[in-house]
Amino acid sequence: MNPFTFAILTDTHIRAPGGDQSSPYPVNARANARAQYAVEVIRAEERAFTVHLGDVVHPLPHMAAYADAAVEAHRILAPLAPNLHLVPGNHDVGDKPHDASPAGPVNETTRTTYRDAFGRDHWLVEHDGVAFVAMNSSLVNTGTHAEAVQRGWLERELVARRDQRVFLFSHYPPFIASAEEAEHYDNFAEPGRSWLLDLAADAGVEAIFSGHVHHFFFNRYRGVKLYCLPATSFTRQDYAEMFSAPPAPEFGRDDRGKLAVSFVDVSDDGHRLRVVGTGGNEWNGEDVADLPDAQSGRSTLIPHLRHDWATPRVLPYNGPMEEFSRKEARNDYPLLRLLQLGISTVRVPARDLLNPIQAARLDDWISLRGQLVVFSTASPTSDLIQAVVAREHAIVAWEIVTRDLDDVPGFTAVDGMTRWLGKVATSADNVDRRGAFAHSVTSGFLARQIDRAVACATSNALHGVVLQLGCDDDLAALDHCADCALGEGLDLVVNVRLSHDDPSQGNFDVQRIADRINTCQKWADGSEHFHLQLDTFEDVDRGYGPRFGLVDRLGNPRFAWERRRGSPLAGLDHAADHRALSPVRVAAPSGH
């Protein structure tokens, strides 16, 4: 097959011209212009076709404004025609059956209204031998004749295409945190959930794409990848509870950094999802602005993933969506931002692989061709060695962090794995006693310790040394350190710290941080034996050593990343090898 791309947008929530009475939220008045901007972003890229995952309009089928909103939707989406395919959402065709749904359920009247306005509510199209299948997810578990007809059709079509690549589109996601989660407003209830997931897995469906939640989530089920994609219109404010930060405007409903469209690149050896942020921009009749976060190249940075990215948070029961039940949601924006920024490798504690929740998220990351640097501070147990070796194909290095260079933990069981020597550095290593004392613990050798570090790594048959570079340290010492390490055939790993040595002081100078990252990347550019760790990925805005990272506590990019000429686009890549990456440049946002 010839590689091709298709585009996805979802949850445009287009309203009737001049406004209507379908929403009390101010941001909804921006939906139409934001949808137009999203259309222009999609139109600017070559693609075979476009899929809209539903909630095309905001008024519900029983409302008088529905017909006018549908006409306006056709006008706004017209530049994507004729290769535009629509999937019905609950606003378009009615809610799934649920006792506490805030709107009316799907029925034959609403299905007729939808079909008259937008066409088929389930369909199959093919492109270059690949099948694309869409369903009316509101029908699942209704027990109606229409559900039985759709169910029989899906079973026949998917089973018949077991030897063909298939992508499935559903407005509702089957689940958002776990295949075993309880039913709530944003997933399939049983038995429909298990039916669909097992049907997709048995038929070899490559991926299921959904919308509805207005946030990004990534999951897997028996080899099927499940992507829940961001909206173009607004964010659901109930999910603002996922973040350890004050909410975005309108109590979390206008989190512009999360609004996006998506592109899927399909090739013989896999697919790649690229989520392209639209920033809540509204079309003004001119060409769309450049989107640096969508056009970033590959990054050689290895960020410290200090914050938890795996554990779901239980959201409060609070209507209108969840007045009588709790639901769990995991903040998947760290994963999305890593891939958008072109980052392929993260640094995590090795013991994360012994925690079922953390290990599952790391395996999700590996399924997206992500890689790991794992670290530990003691001799590994047999179960830890087993967990690491099981993922050896995705392990860039095992970093051995030691306090005593005369007693480096033995790693004979993993002799075939790259191992770097790190160092526990504390306040006691500070030879300058003139200043105020502050308790501190950091990771990596100091530049003045390089000779001993190299000797220790060499005598223990290790493959590299980890040097730390404080946020105020001069880069001049790195050349000597590089000569020492490379001269002995070792890797030099530079841990670029963004925190001050004084843990009571914050580092929130975005321009200075951007310059630091770019300078270090430039210094390390061009050698496979230099590795840059970046501490930290997500902002630390409380506790010790507060500092900005690459993303803020809402999970939005702190910097714009600019593509170097010739570097590939970033994305969720299931084909490309992420090694030998090209650095990109980070830029502080204007106004800082």
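A quick note: this is a predicted structure, and the numbers were derived from the prediction, not measured. The basis for the numbers below is simple: all heavy atoms, side chains too, and nothing from hydrogens, waters or symmetry mates.
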How far does [atom1] of [X] sit from [atom2] of [Y], to the nearest 0.5 angstrom?
| X | Y | atom1 | atom2 | value |
| --- | --- | --- | --- | --- |
| Leu421 | Cys456 | CG | SG | 5.0 Å |
| Ser170 | Leu196 | OG | CG | 6.5 Å |
| Leu338 | Leu550 | CG | CG | 8.5 Å |
| Leu469 | Thr442 | CG | OG1 | 11.5 Å |
| Leu490 | Ile450 | CG | CD1 | 8.5 Å |
| Thr536 | Leu305 | OG1 | CG | 9.5 Å |

Do [X] and [Y] have side chains that approach each other closer than 4.5 Å (heavy atoms only, starting at C-beta)?
| X | Y | answer |
| --- | --- | --- |
| Arg274 | Ser262 | no |
| Ile513 | Phe508 | no |
| Asp186 | Lys327 | yes |
| Phe375 | Pro349 | yes |
| Leu368 | Phe218 | yes |
| His531 | Val494 | no |

Practice problem: Report yes or no: is the cationic atom of Arg558 (NZ for Lys, CZ for Arg) closer than 6.0 Å to the six-membered ring centre of Phe548, at no more than 45° off its axis? | Solution: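 Ring-cation test returns yes.
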
Quiz item: Does the ring of Tyr333 carry Lys258 above it, NZ/CZ under 6.0 angstrom from centre and within 45° of its axis?
Solution: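 So Lys258 does make the cation-pi contact.
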
Quiz item: Run the side chain to side chain donor-acceptor pair (under 3.5 Å) check on Tyr185 and His212 step by step: do they pass?
Solution: CA-CA 10 Å; Tyr185 180 74; His212 179 67; 4.7 Å; no

Practice problem: Fit a plane to each ring of Phe530 and Trp523, take the angle between them on a 0 to 90° scale, and name the class: parallel (under 30°), tilted (30 to 60°) or perpendicular (over 60°). | Solution: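 Correct class here is tilted.
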
Practice problem: Evaluate the ring planes of His215 and Tyr239, with Trp represented by its six-membered ring, and classify them as parallel (under 30°), tilted (30 to 60°) or perpendicular (over 60°). | Solution: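 Because their plane-to-plane angle lies in the 30° to 60° range, the rings of His215 and Tyr239 count as tilted.
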
Self-check item: From CA spacing to verdict: side chain to side chain donor-acceptor pair (under 3.5 Å), His529, Asp491
Solution: CA-CA 5 Å; His529 297 290; Asp491 291 343; 3.0 Å; yes

Minimum heavy-atom distance [X]-[Y], with the two atoms named:
| X | Y | answer |
| --- | --- | --- |
| Val465 | Ala457 | CG1-CB, 3.6 Å |
| Arg330 | Ala310 | CD-O, 3.2 Å |
| Glu399 | Ser443 | OE2-OG, 3.8 Å |
| Cys484 | Val454 | O-CG1, 3.9 Å |
| Leu315 | Asp238 | CD1-O, 3.9 Å |
| Gly211 | Pro173 | O-CD, 3.8 Å |

Quiz prompt | side chain to side chain donor-acceptor pair (under 3.5 Å) assessment of Trp398 paired with Ser376 | solution = CA-CA 8 Å; Trp398 194 332; Ser376 55; 2.9 Å; yes

Hey, is [X] close enough to [Y] for a salt bridge, meaning N to O under 4.0 Å?
| X | Y | answer |
| --- | --- | --- |
| Asp202 | Arg162 | no |
| Glu538 | Arg306 | no |
| Arg452 | Asp406 | yes |
| Asp535 | Arg547 | yes |
| Arg220 | Asp363 | no |

Exercise. Run through Arg512, Arg516, Arg497 and flag the one making a salt bridge (Lys or Arg N to Asp or Glu O under 4.0 Å) with Asp472.
Key: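 Answer after filtering Arg512, Arg516, Arg497: Arg512.
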
Exercise. Pick out which of Asp352, Asp308, Asp332 makes a salt bridge (Lys or Arg N to Asp or Glu O under 4.0 Å) with Arg361.
Key: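 Of the listed options, the one satisfying the test is Asp332.
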
Quiz prompt | Stepwise side chain to side chain donor-acceptor pair (under 3.5 Å) check, Asn460 with Arg419 | solution = CA-CA 10 Å; Asn460 285 279; Arg419 287 159 291 150; over 6 Å; no

For [X], does the [atom1] atom have more than 12 heavy-atom neighbours from other residues, nucleotides or ligands under 6.0 Å away?
| X | atom1 | value |
| --- | --- | --- |
| Gln164 | CD | yes |
| Arg165 | CZ | yes |
| Tyr544 | OH | no |

Quiz item: Cut-off 3.5 Å, side chains only: do Asp483 and His480 have a donor facing an acceptor?
Solution: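 No, no side-chain donor-acceptor contact under 3.5 Å.
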
Quiz prompt | Flag for Asn556-Arg337: side-chain donor and acceptor within less than 3.5 Å | solution =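 There is such a pair between these side chains.
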
Quiz item: Picking from Ile395, Val396, Val374, what satisfies side-chain contact (heavy atoms from CB on, under 4.5 Å) with Met417?
Solution: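 Only one option passes, and that is Ile395.
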
Exercise. Please identify each residue that fulfils salt bridge (Lys or Arg N to Asp or Glu O under 4.0 Å) with Arg313, with sequence neighbours left out.
Key: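 Residues passing salt bridge (Lys or Arg N to Asp or Glu O under 4.0 Å) with Arg313: none at all.
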
Quiz prompt | Gln468 side-chain N/O to Gly444 backbone N/O, donor-acceptor pair under 3.5 Å | solution =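 Between the backbone of Gly444 and the side chain of Gln468 there is a qualifying donor-acceptor contact (under 3.5 Å).
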
